Amino acid sequence: MRLMISTTPIITLLTDFGERDGYVGTMKGVIVGIVPHARLIDISHQVDPQDVRQAASILAEAYAYFPAHTVHLVVVDPGVGSDRRPVALKTPGGTFVAPDNGVLTLVRRREPAASACVLNNPDYWLPEPSRTFHGRDIFSPVAAHLASGVPLDELGTPVTDLVELPLAEPVIASGSIRGEVFRIDHFGNILTNITDLRWVDDHTAACYPTGLGSDPGEPVYFDARSARVTCGPHTINGLSQTYSQVSIGQVLSLIGSSGELEISINQGNAQEKLRVGVGDLVTIYFKS
Amino acid sequence: MRLMISTTPIITLLTDFGERDGYVGTMKGVIVGIVPHARLIDISHQVDPQDVRQAASILAEAYAYFPAHTVHLVVVDPGVGSDRRPVALKTPGGTFVAPDNGVLTLVRRREPAASACVLNNPDYWLPEPSRTFHGRDIFSPVAAHLASGVPLDELGTPVTDLVELPLAEPVIASGSIRGEVFRIDHFGNILTNITDLRWVDDHTAACYPTGLGSDPGEPVYFDARSARVTCGPHTINGLSQTYSQVSIGQVLSLIGSSGELEISINQGNAQEKLRVGVGDLVTIYFKS
Amino acid sequence: MRLMISTTPIITLLTDFGERDGYVGTMKGVIVGIVPHARLIDISHQVDPQDVRQAASILAEAYAYFPAHTVHLVVVDPGVGSDRRPVALKTPGGTFVAPDNGVLTLVRRREPAASACVLNNPDYWLPEPSRTFHGRDIFSPVAAHLASGVPLDELGTPVTDLVELPLAEPVIASGSIRGEVFRIDHFGNILTNITDLRWVDDHTAACYPTGLGSDPGEPVYFDARSARVTCGPHTINGLSQTYSQVSIGQVLSLIGSSGELEISINQGNAQEKLRVGVGDLVTIYFKS
């Protein structure tokens with residue numbers, strides 16, 4: 001009994017479907033029809049419509065907190081019905097089912113030991129799939145079958161040339177890293193593509209200046225109090241450890257919960273006040 | 001063990017409660033207090049407040065993708081506390097618990113072999129139900145008891161005269177069907193009440209021009225490339241198979257994932273651009 | 001088997017994280033990694049950012065409808081990373097895990113027989129917790145361990161001086177209660193801090209005029225038809241039993257589903273029309 005419980009299939013769902021139309025519920029109906037005892041956990045259904053990059057970012061932050069046998073079902077699929085391929089990707093950190101449009105780019109950087117296939121075996125689809133809702137007709141049943149133990153190579157043809165998103169890489173110089181705004185979160189926190197930062201002690205931070213998720217190499221240590229962050233016309237002096245280290249309403253920069261450089265306002269909305277957008281330049285200057 | 005798992009009770013929830021106030025969570029608390037091992041799956045809680053017709057449409061698209069033993073709990077209930085009746089409807093395709101305000105109209109058309117009862121047996125309610133939250137006090141406990149195996153006729157008095165929504169029927173002529181905008185989805189896709197369309201091959205589509213969910217009779221075949229769709233001042237030539245068949249930002253019409261005529265913009269929001277609303281006229285012209 | 005099922009761990013989640021970023025999904029990943037068979041039920045993730053009072057109100061309305069062995073995980077945490085304490089509170093009506101910022105104030109009034117501890121035993125946290133996402137790194141793993149049976153006193157040091165929210169108390173006079181707007185719900189219903197109202201018969205209501213959740217003492221009976229409610233410049237005559245007792249679009253006052261005085265519009269949005277806000281004065285006048 002214990003064993004059985006400990007291997008309960010888990011499927012997460014990440015889409016741009018919103019939560020109004022019942023599209024997500026329909027996908028879940030398909031899944032529980034195939035694997036009745038699967039656990040279903042929503043990552044997000046409020047990805048901006050067709051925003052593959054945003055979905056890639058949310059997925060990359062979340063997946064590693066799930067058990068490794070989890071199947072992550074990602075349907076942000078502007079090319080549905082075209083010749084873009086539906087794929088599955090199996091990695092030591094989780095299994096992924098998604099359209100091959102780059103949404104798995106960041107996961108693949110973090111999980112180099114992966115194998116993938118094109119989902120071209122219709123035995124694992126719903127019969128007569130529609131041309132506009134592969135989330136329901138192809139991706140959900142495939143995720144359910146994967147979660148119930150069907151091996152990857154049953155689902156289709158092996159593939160290695162998955163689509164990569166063209167992501168801007170941070171530019172490393174001696175004493176600075178120049179990156180950009182990568183995502184704005186629900187609180188208006190400004191998340192950047194300058195990642196792999198961490199605290200060493202209460203005043204010292206470290207960065208691994210080799211960009212998103214790749215082998216970090218040797219860290220560079222710096223005094224967080226004398227660091228300086230610029231974002232458009234704005235300058236923030238020092239790196240805070242917590243939001244509440246500054247006064248309510250004041251702008252700060254800190255190391256976010258996934259190790260990324262983040263610009264925030266204590267109990268406020270930084271994006272609304274600073275009016276920056278995805279792609280805007282952000283630079284951190286430090287003395288190592 | 002297998003048997004037990006395969007008959008896990010499933011309850012879906014569809015309301016206009018939004019997701020801010022904890023009303024839905026409270027209903028789920030009531031349910032798991034009665035049937036601890038039920039699976040709970042949200043269809044939507046973002047139906048526009050009191051929009052019974054919209055809820056009917058979302059329900060009709062979703063329910064058939066769930067196992068037949070699922071109990072669908074629908075609480076869009078502008079008449080709560082009045083003399084509108086709470087009802088349950090049992091069909092071969094699913095069991096439904098809802099206020100008798102027409103929200104089950106489309107389900108009943110698709111599931112003619114159904115039996116219903118008025119939920120007038122307070123043994124299956126919470127004690128001392130409020131006058132304003134029957135979702136919590138009546139519908140949720142009844143759905144839980146149904147899912148756990150209580151037979152329909154225990155719950156109240158049989159009834160056959162359920163309320164019907166007055167839904168506009170498409171008007172069929174030789175070579176055209178005139179209908180109306182039925183729902184706008186999260187993407188801004190414009191869904192119509194012209195349904196039962198399907199693809200025969202890459203150029204030929206078929207329609208069953210007898211209206212919403214009724215016996216479709218003999219199909220009419222037509223060349224999709226020469227079809228024409230009008231919606232207010234807008235005309236779209238040809239029926240596309242997929243969104244990406246036209247350029248990004250271009251308006252198209254296609255057969256939606258539930259067989260309905262749909263007007264969309266590839267990677268855009270058709271409703272924002274075309275500024276049409278529910279009830280606006282839509283006509284498809286075709287040569288059979 | 002039955003026994004096991006009937007004691008399935010239940011964890012509810014209440015946050016201000018929104019549902020776009022995957023923060024809630026990440027917390028659930030952490031939980032199912034620790035207690036794979038827990039039931040997870042969302043109360044709300046749309047609390048206004050940092051609005052501890054609103055969260056306290058939603059929690060107080062919802063928790064009592066869950067089985068008593070439920071663990072309620074509350075993360076509305078403007079002071080994350082500061083010296084505000086993370087705490088757990090065990091009561092006969094449920095167990096609660098939250099930052100010690102007052103969010104449990106209303107629960108504690110309703111559950112006087114409670115014990116609490118500060119969560120200062122890192123054995124039950126994720127390793128190396130971040131400074132900005134204790135929901136993921138401290139509160140979720142603690143809630144999971146509590147739900148799986150770890151006793152409260154394992155989690156940290158006992159504590160009795162939990163933070164109390166400064167909540168305005170209704171002012172009782174002979175023949176009136178003066179309170180304030182406490183929360184606006186999804187429908188635009190105006191909920192007040194005048195609580196503990198109930199119907200005795202179709203014309204008679206009762207109030208227990210001693211404020212929020214405390215020992216109600218002797219009720220005061222009054223004729224609901226001659227009661228009068230004022231809210232800013234607005235006056236509503238009589239207390240309705242249901243929304244639909246007045247015409248569509250008309251303002252009414254009634255006893256809400258949690259016993260609170262509520263001002264609404266039948267099938268409309270009272271807040272949009274009356275333009276009142278949280279903290280605005282509301283008075284009910286009655287003849288006992």
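Here the structure is a predicted model, which means the values were calculated and not measured. Note on naming: letters A, B, ... go to the chains in the order of the sequence lines (proteins, then strands), and numbering restarts at 1 for each one.
Using a 4.5 Å cut-off between heavy atoms, C:Asp185 touches chain B through backbone and side chain atoms alike. Contacts between C:Arg198 and chain B at a heavy-atom distance below 4.5 Å are absent for every atom of the residue. If you measure heavy-atom distances from B:Thr26 to chain C, the contacts under 4.5 Å come from both the backbone and the side chain. Proximity to chain C (any heavy atom under 4.5 Å) is shown, for B:Leu40, by both the backbone and the side chain. With a 4.5 angstrom heavy-atom cutoff, C:Leu191 touches chain B only via side-chain atoms. For chain B, no part of C:Leu59 is nearby; none of its heavy atoms comes within less than 4.5 Å. With a 4.5 Å cut-off on non-hydrogen atoms, B:Arg136 touches chain C through its side chain but not through its backbone.
When each of C:Gly256, C:Gly188, C:Pro67 is scored by its heavy-atom pairs under 4.5 Å with chain B, the top score falls to C:Pro67. If you tally non-hydrogen atom pairs under 4.5 Å between each of C:Phe66, C:Tyr65, C:Tyr63 and chain B, the highest count goes to C:Tyr65.
Between C:His72 and C:Phe96, the angle of the ring planes stays under 30°, which puts this pair in the parallel group of the 30/60° scheme.
The pair C:Asp202-B:Arg131 meets the salt-bridge criterion, with a side-chain N (NZ, NE, NH1 or NH2) lying under 4.0 Å from an Asp/Glu carboxylate O. By the 4.0 Å N-to-carboxylate-O rule, B:Asp161 lies close enough to B:Arg85 to be salt-bridged with it. Of the charged side-chain nitrogens involved, none lies within less than 4.0 Å of a carboxylate oxygen, so that B:Glu180 and B:Arg53 do not count as a salt-bridged pair.
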Let me see the working for B:Arg183 and B:Ser57 under side-chain hydrogen bond (donor to acceptor under 3.5 Å, both in side chains), right down to the final yes or no.
-> CA-CA 8 Å; B:Arg183 210 174 93 222; B:Ser57 163; 2.9 Å; yes
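Judged purely by atom type and a 3.5 angstrom limit, B:Asn101 has no side-chain atom pairing as donor or acceptor with the backbone of B:Gly79. Remark: the backbone N or O of C:Gly94 is paired with a side-chain donor or acceptor of C:Thr91 at under 3.5 angstrom. With hydrogens and angles ignored, the 3.5 Å screen pairs no side-chain donor or acceptor of B:Ser258 with any backbone N or O of B:Glu61. Distance alone, capped at 3.5 Å, places no donor-acceptor pair between the B:Asp280 side chain and the B:Val181 backbone. A donor-acceptor pair is defined here as one N or O able to donate and one able to accept, closer than 3.5 Å; such a pair exists between the side chain of B:Asn269 and the backbone of B:Glu272.
The contact list for residues 10-21 of chain C toward chain B, using heavy atoms and a distance under 4.5 Å, reads C:Ile10, C:Glu19 by residue number.
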